[in-house]
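The chains referred to below are lettered A, B, ... by the order of the sequence lines, with proteins before strands, and numbering in each begins at 1. The structure displayed is predicted, hence computed values, not measured ones.
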Amino acid sequence: GDSVTQMEGPVTLSEEAFLTINCTYTATGYPSLFWYVQYPGEGLQLLLKATKADDKGSNKGFEATYRKETTSFHLEKGSVQVSDSAVYFCALNFIIQGAQKLVFGQGTRLTINP
Amino acid sequence: GAGVSQSPRYKVAKRGQDVALRCDPISGHVSLFWYQQALGQGPEFLTYFQNEAQLDKSGLPSDRFFAERPEGSVSTLKIQRTQQEDSAVYLCASSSAMGLAHYEQYFGPGTRLTVT
């Protein structure tokens, strides 16, 4: 079945470091791809999305490109801040027979030290 | 505007008890989803409603789990005869779109269920 595999955490970086969190997927058809973020004490919220191959999603300095040839959607940020500390989830969304669902990776906990 | 709300936020149940978890989606959202998130894991899909119709319940782990959305708005997830393995955070999400894969799902804060 469809699945998402994320880079295992936890990841600890210093402020202003470059961030990459790897995400690869297995899917039949053409899913949309998402990164969700869960800040401490808060609910899941959408960070960015891409709906077709070669699309780039971006938000708050984060970027991810939908790569169909490598079935990947890696999250990157050029210079992280302490406030980026959170758990990040890669997900795909697809529709089968009128029903839709999100399939999530296991999450990557990111800690940024000042 | 108001987001997705869930109640209760925390629930402790003794093994064997029945529980009911409530979700109030964003007003006007036709699609509603339930997910289960075990500690340290990503959310896993349980069930999907489009208005009052339950279109997919393939993720419900057993027949002890039952969800309803009778008027196409508020939804209730019921778990009968709770077991320790049911301990998790139960997330509700809603979306304004039907059958459109790229529309955002808005998540509630979740209900943390602990079965003792």
Problem - Donor + acceptor pair across side chains of B:D86, B:T82 (<3.5 Å) - result: no

Practice task
Please flag which part of B:Q37 lies under 4.5 Å from any non-hydrogen atom of chain A: side chain, backbone, both or neither.
Solution key: side chain

Handout entry: Which portion of A:Q6 sits near chain B, non-hydrogen atoms under 4.5 angstrom
Key = neither

Handout entry: Closest approach of A:L92 to A:A27 (non-hydrogen atoms, all atoms of both residues)
Key = CD2-CB, 4.2 Å

Handout entry: Part of B:Y35 within contact of chain A (heavy atom distance under 4.5 Å)
Key = side chain

Completion exercise
ring pair (Phe, Tyr, Trp, His ring centres under 6.0 Å) with A:Y88: of A:Y39, A:F62, A:W35, A:Y36, only one passes, and it is A:F62

Handout entry: Charged N-O contact under 4.0 Å between A:K49 and B:E104
Key = no

Exercise for the section: Among B:P109, B:P43, B:G42, single out the residue with the greatest number of heavy-atom pairs under 4.5 Å to chain A. Expected result: B:P43

Fill in the blank from the handout: When the 4.5 angstrom heavy-atom criterion is applied to B:T47 and chain A, the contacting part is neither

Problem - Lys/Arg-Asp/Glu bridge criterion (N-O < 4.0 Å) met for A:K101, A:D2 - result: no

